[in-house]
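Residues take their numbers from the sequence shown, with the count starting at 1.
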Amino acid sequence: MTNANYYVVIMAGGTGTRLWPYSRQEHPKQFHDFLDSGQSLLQATAERFRSICPDSNILVVTSLAYKERILAQLPFLSESQVLTEPFKRNTAPCIAYASYKIRQQDPDALIVVTPVDQIILEEARFHHILQQALTQAALHPVLLTLGVKPSRPDTGFGYIQFVEGDDEICKVKTFTEKPPQELAEKFLESGDFVWNAGIFVWRVSAIIQALETHLVEIAENFVEALPHFGTAQEAEAIETAYTKCKSISIDYGVMEKADNVYVITGDFGWRDLGTWKSVYEVLPKDKHGNVSSGTIQLYETKNTLVKAPKDRLVVIQGLDDYIVTEFDNVLLICKKDQEQRVREFVEDARKRGEGFV
C-alpha cells in the first residue's frame, strides 16, 4: 500500500569506474544489467520502491547528460522528477536539492534516500525494516540510516558504531569509512558495529533543519534558488547554487555531526554492487566456482568471472581467480584480488583517448 506522503530519492549520478569497461562516462553502471535479471540497476532500484510510494513521488538526481536515458528506462517518470546536477558535488548538495524540492511540494513528506548501485535479495524483509524506519521518522525528528549486520571484516564498506537502544533501533555513536583490515576485524569482534548501507530515512523538515544547522552555506544556496523551482529559471538557479557548493558527503557534513542520528539494523540480503568482485559474489556459480555471462567456453578454469556480449564467443583455458570482461572495444583481464587497480587501468586508458573510458 503506497503512502502519498512518502518520497524516494534515487542518487544516480556516478560513473562507476570500478565496473569498467562496462561502466563508462557515456553509459555508466546504473544503466547496465549486471545480474542478467532483465533490469538495469536503475530500473531494479526504482521498482523496489514502487510499492512504498506513488510513482509521482520518486525522484532521480543525476547528471544532465543522463536525463534522457533515465526517462527512457523509467517511462513512468515525468521530466520534473529527474533533477539534474550541473557538477558533481558529492551527496550533500544532491540531497539538499531534492529535499528543498520535495518540501515545496509537501512540507509533511517522509523521504527515503537510496544509492542506485545496490541490490536487495530479501525484498520482503527490506520493506518491513523500511516501514519501521518510516514509522519512527514520522513520530520523531530523527535522521535514520539503515545498517547491515556484517558477515566479515570487509574494508570496502563504511561502518556505524551504535549504542544499545530499543529493539533494532539504536543511537549512532560513530561513523568510520572503509577502515584498514586490522580495524575492521576489531569492529566485527566488538559486536557494536554494522555496515553502513547508505540508505537514509527522515522527515523533510528534519533533514532541512540538519542542513541549515551543519551545512549552512549549502542550505543558503538552495534557499536562494527556491523561488525559481518549477520555472524556466530553475536550471540556471541550480547551476548558480552548485557553483557555490563545496563537495561534501551527507555522512561527513551532517550525519557525523548531528545528535539525532539513529540506525535501524537488519539482514535483508543487502549487496553493494560497486566492483567486479561484488558482482561475482552475488551471481550463481558453476561447480568450478565460475560465473559466466555471454557465449562462453571454459576449460580448466575456476573461481573466475567472465562477462561479454552474447554475440562474441569467448574461449578461456587455464585461469584461476580472474575477472574477464569485454564491452564496446575494451577487454579487461585482471586477477580478482587485484581489482582495486581498475581505477589505475582506467586512468591509463583515458590517456589513449576518451573512446576507451
With a 4.5 Å limit on heavy-atom distance, are the side chains of Asn303 and Tyr280 in contact?
yes

Less than 6.0 angstrom separating the ring centers of Phe175 and Phe193, yes or no?
no

Could you tell me whether Lys186 and Glu189 make a salt bridge, using a distance below 4.0 angstrom between a side-chain N and a carboxylate O?
no

At their closest point, which heavy atom of Val201 faces which heavy atom of Ala137, and how far apart are they?
CG1-CB, 4.1 Å

Working for salt bridge (charged side-chain N to carboxylate O under 4.0 Å, His left out), residues Asp36 and Lys307
CA-CA 10 Å; Asp36 295 330; Lys307 183 172 176 63; 3.7 Å; yes

Ser247 backbone acceptor or donor facing Asn90 side chain under 3.5 Å:
no

Flag, side chain of Thr295 to backbone of Lys310, donor-acceptor distance under 3.5 Å
yes

Rounded to the nearest 0.5 Å, what separates atom CG in Leu215 from atom CZ in Phe222?
10.5 Å

When rounded to the nearest 0.5 Å, the distance separating CG of Asp117 from CG of Leu19 is 8.5 Å

Would the distance check show the side chain of Asp106 and the main-chain N or O of Ile102 forming a donor-acceptor pair, the cut-off being under 3.5 Å?
no

Following the transitive rule for hydrophobic clusters with a side-chain heavy-atom cut-off under 4.5 Å over Ile, Leu, Val, Met, Phe, Trp and Tyr, establish whether Val282 and Val148 coincide in one cluster.
no

Does CZ in Arg352 sit with more than 12 non-hydrogen atoms of other residues, nucleotides or ligands closer than 6.0 Å?
no

Just by distance, no angles: are the side chains of Gln73 and Tyr66 close enough, under 3.5 Å, to form a donor-acceptor pair?
no

Quick one: does His32's side chain have a donor or acceptor within less than 3.5 Å of a partner on His27's backbone?
yes

Could you list the donor-acceptor pairs under 3.5 angstrom formed between side-chain atoms of residues 255-273 and any protein atom two or more places apart in sequence or on another chain?
{"from": "Lys257", "atom 1": "NZ", "to": "Tyr252", "atom 2": "O", "distance (Å)": "2.7"}
{"from": "Asn260", "atom 1": "ND2", "to": "Pro141", "atom 2": "O", "distance (Å)": "2.8"}
{"from": "Trp270", "atom 1": "NE1", "to": "Gln118", "atom 2": "OE1", "distance (Å)": "3.2"}

Side-chain contact, heavy-atom cut-off 4.5 Å: Tyr97 with Phe229?
yes

Would the Tyr22 and Phe327 ring centres measure less than 6.0 Å apart?
yes

hydrophobic_cluster_shared for Val116 and Phe76, side chain cutoff 4.5 Å
yes

Please indicate whether Lys277 has more than 12 foreign heavy atoms, meaning atoms of other residues, nucleotides or ligands, lying under 6.0 Å from its NZ.
no

For Thr17 and Phe345: C-alpha separation, side-chain torsions, deciding distance, then whether side-chain contact (heavy atoms from CB on, under 4.5 Å) applies.
CA-CA 10 Å; Thr17 302; Phe345 303 156; over 6 Å; no

In Å, rounded to the nearest 0.5 Å, how long is the span from SG of Cys53 to CG of Asn5?
11.0 Å

Any idea which heavy atoms bring Leu144 and Ala133 closest together, and the distance?
CD1-O, 3.2 Å

Polar side-chain atom of Arg69 near backbone of Glu26 as donor-acceptor pair, under 3.5 Å:
yes

Do other residues, nucleotides or ligands put more than 12 heavy atoms under 6.0 Å from Arg312 CZ?
no

Distance check, rounded to the nearest 0.5 Å: Ile160 atom CD1 versus Phe187 atom CZ?
11.5 Å

Return yes if some donor-acceptor pair links the side-chain N/O of Asn57 with the main-chain N/O of Tyr6 below 3.5 Å, else return no.
yes

Could you walk me through whether Lys335 and Asp337 pass the salt bridge (charged side-chain N to carboxylate O under 4.0 Å, His left out) check?
CA-CA 5 Å; Lys335 289 183 177 180; Asp337 64 2; over 6 Å; no

Does Gln104 CD have over 12 foreign heavy atoms under 6.0 Å away?
yes

Are Phe34 and Trp276 an aromatic pair by the rule of ring centers under 6.0 Å?
yes

Other residues, nucleotides and ligands only: do more than 12 of their heavy atoms fall within 6.0 Å of CD on Gln317?
yes

So, does Glu234 use its side chain to make a donor-acceptor pair with the main chain of Gly230 at under 3.5 Å?
yes

Is there a continuous path of hydrophobic side-chain contacts, each under 4.5 Å between heavy atoms, that joins Val82 to Leu64?
no

Go through Thr301 and Val306 one step at a time and tell me if the side-chain contact (heavy atoms from CB on, under 4.5 Å) criterion holds.
CA-CA 11 Å; Thr301 292; Val306 186; 5.7 Å; no

Rounded at 0.5 Å granularity, tell me how far CZ in Arg89 sits from NZ in Lys244.
12.5 Å

Answer yes if the side chains of Gln136 and Gln132 hold a donor-acceptor pair under 3.5 Å, and no otherwise.
no

Could you go through the side-chain contact (heavy atoms from CB on, under 4.5 Å) check for Asn329 and Phe356 one step at a time?
CA-CA 7 Å; Asn329 74 0; Phe356 296 115; 4.1 Å; yes

Working note: Arg50 + Glu47, criterion salt bridge (charged side-chain N to carboxylate O under 4.0 Å, His left out); need CA distance, chi angles, decisive distance, verdict.
CA-CA 5 Å; Arg50 293 183 76 181; Glu47 195 63 34; 3.4 Å; yes

Treat each ILVMFWY residue as a node, draw an edge where side-chain heavy atoms are under 4.5 Å apart, and state whether Leu226 and Tyr7 are in one component.
yes

Has Glu212 got more than 12 heavy atoms of other residues, nucleotides or ligands less than 6.0 Å from its CD?
yes

Co-membership, hydrophobic cluster, residues Ile199 and Ile129, 4.5 Å side-chain
yes

In this structure, are over 12 heavy atoms from other groups packed under 6.0 Å from Glu344 atom CD?
yes

Can you confirm whether the side chains of Ser292 and Asn290 place a donor and an acceptor under 3.5 Å from each other?
no

Do His127 side-chain atoms and Arg48 backbone N/O form a donor-acceptor pair below 3.5 Å?
yes

Do other residues, nucleotides or ligands put more than 12 heavy atoms under 6.0 Å from the NZ atom of Lys302?
no

In chain order, what residues pass the ring-ring contact (aromatic ring centres under 6.0 Å, His included) check against His214, with sequence neighbours excluded?
none

Contact check, side chains of Arg343 and Val346, non-hydrogen atoms, under 4.5 Å
no

Only one of Ile316, Ile323, Asp321 clears side-chain contact (heavy atoms from CB on, under 4.5 Å) with Leu319; which?
Ile316

Has Gln30 got a side-chain atom pairing as donor or acceptor with Gly14's backbone, closer than 3.5 angstrom?
yes

When rounded to the nearest 0.5 angstrom, what is the spacing between CZ in Arg203 and CG in Leu134?
12.0 Å

Does one side chain, of Ser78 or Gln81, offer a donor that lies under 3.5 Å from an acceptor on the other?
yes

Side chain of Thr304, backbone of Tyr322: donor and acceptor closer than 3.5 Å?
yes

Stepwise, does the side-chain contact (heavy atoms from CB on, under 4.5 Å) test hold for Thr275 with Arg18?
CA-CA 5 Å; Thr275 67; Arg18 293 177 296 171; 3.5 Å; yes

